[in-house]
Amino acid sequence: MSKHIQAIRGMHDILPEVMPHWHHLEDNARRILTNYGYAEIRTPIVEMSELFKRSIGEVTDIVEKEMYSFEDRNGDQLSLRPEGTASCVRAVIEHGLVMQTQRLWYRGPMFRHERPQRGRYRQFNQIGAEVFGLTGPDIDLELILLTARLWQDLGLNGLRLELNSLGDPEERRRYREDLVAFLSARRAHLDPESQRRLETNPLRVLDAKHPETQAAIADAPSLLEHLGETSRTHFATIRQGLDQAGIAYRINTRLVRGLDYYNRTVFEWITEDLGAQGTVCAGGRYDGLVEQLGGRATPAVGFALGMERLVELIALAEPTRRARAHAYLVAVGERAEAASMPLAERLRDALPQLCLIRHSGGGSFKSQFKKADKSGARCALILGESELEQDLIGVKSLRDDSGQQQFDFDTLVAFLARELGGDPNQT
RNA sequence: GUGGACGUAGCUCAGGUGGUAGAGCGCAGGAUUGUGAUUCCUGUGGUCGUGGGUUCGAGCCCCAUCGUCCACCCCA
């Protein structure tokens, strides 16, 4: 084993057997995003390190210790992207897309140098959406409803929505003062990491899991009570919309998110079925980020979902999902083997939707039928000496006992056309 | 970065106190010389993660190292 070259720690292969679950997620996500009017954008996976430092925040864990950074040959400091929002904002500014409202989505690998565990990888995939140029709470709501629809269409139940508002920068500054005063008085009861955060990023102390710290901050002041009229209304409107849509949620005043750029709305979708890494999708509003990165002041909201985590949930809900061919072409004997490729191509010409596997490698009828069955195909097409002599093709169903029939080419095409009703890539 | 568990066949795993490796599944073939999925039979399969050490002898004991998993931290 150790003599073989292995995949890098935390960077996993996604094997064919789980691919149907990935396609299930990707197909549904793309369909829903497209139908809501979101346009896809693809950005490089490498950016200037500075981009992430300025957007995510210098004192966040991601920037402090999780980035894959290196120096380019010309001396530039580059990093593999640890998340998608920064790149997306950069691209939007660079191409002048902020001049009009934009609904965008992206998909791709992200990189963070953390210790791997269940649901957490060093290379992992996200689907994200970002909306630029709209301040209204309706767009925050739209994003949440969109994700809720995705879970529904994926067949996922049991995801919990948690919601909070971080207010605007001024409200947060006032709250921060109150909080620092509160925490400083209890400094001795905080764990060392929280004591450090008290200096660097006091809001993050709120979501510390450390039991003693939690006890010490049990009656800490609430950010929601520091919200001004506008923020309060913004939050209330979202809550009304969720109620109206019949989507249950929980207010979590401890929810502050790990990245610095959020304001007002933040939300997470959480599962209990994946162990310690329960957050499957998270997002929020970041009205200051575009300006902070050099664009003209533009409000923005977005979310990102972790594809590995969702795929695991999808597999849990429907373990048997697999790709199935429509037909598997069996050919025994020299003449039949020679005839099978032209036959397969004629069928593909006649039926572009046909998913047909042509047997290769010879073998007896028995062994070819075994392969046909393993492939998951609905039926076997049979080409042997007797079929060749009569200029017919045998068709045997592999999924029921409807027996075997002989068709000429045109009748076979008509028969297969009827079989094509369903999607070959689903169960 | 910290802690714990674990690395034996392609996969899932057995292998009391050290005596030169087993099962199921898979794969190949046969029972059924033109037919799968069921059943029965046969066969195929492993430098026991790697490197050292102790011993007459190590899958088992000791040390180191690499890797995997789970949790902490943090996050999608």
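Each chain gets a letter, A, B and so on, in the order its sequence line appears, and its residues count up from 1. What's counted below: heavy atoms across the whole structure, side chains too, no hydrogens, waters or symmetry copies.
- Donor-acceptor pairing under 3.5 Å, judged by distance alone, is present between the side chain of A:K396 and the base of B:U35.
- Rounded to a whole angstrom, the distance from the P atom of B:A64 to that of B:C69 is 23 Å.
- For the OP1/OP2 pair of B:C75 and a distance below 4.0 Å, the side-chain nitrogens and oxygens of A:R204 include at least one atom meeting the criterion.
- When the side-chain nitrogen and oxygen atoms of A:R115 are compared with OP1 and OP2 of B:C74, none of them lie within a distance under 4.0 Å.
- Remark: B:C74 base-pairs with no nucleotide; criterion is Watson-Crick or G-U wobble with both hydrogen-bond distances under 3.5 Å.
- Remark: the separation of the P atoms in B:G1 and B:C25 is 43 Å, to the nearest Å.
- Ion pair A:E312/A:R118 flagged as a salt bridge, since at least one NZ, NE, NH1 or NH2 atom sits closer than 4.0 Å to an Asp/Glu carboxylate oxygen.
- Distance noted for atom C1' between B:A23 and B:C48: 16 Å (whole Å).
- Base pairing annotation: B:U68 forms a Watson-Crick or G-U wobble pair with B:A5, both donor-acceptor distances under 3.5 Å.
- Taking atom P on both B:G3 and B:U65, the two are 13 Å apart, rounded to the nearest angstrom.
- Taking for each of A:R399 and A:K374 the nucleotide of RNA chain B with the nearest heavy atom, the 5'-most of the two is the partner of A:K374.
- If you check distances only, the side chain of A:R118 never reaches the base of B:C69 with a donor-acceptor pair under 3.5 Å.
- OP1 or OP2 of B:A71 sits under 4.0 Å from a side-chain N or O of A:Q117.
- If you check the side chains of A:Y249 and A:R239, you find a donor sitting under 3.5 Å from an acceptor.
- Using a 4.0 Å cut-off, no side-chain N or O of A:K370 falls inside it from OP1 or OP2 of B:A28.
- In this model, the phosphate group of B:A37 is not approached by any side-chain N or O of A:R378 to a distance below 4.0 Å at OP1 or OP2.
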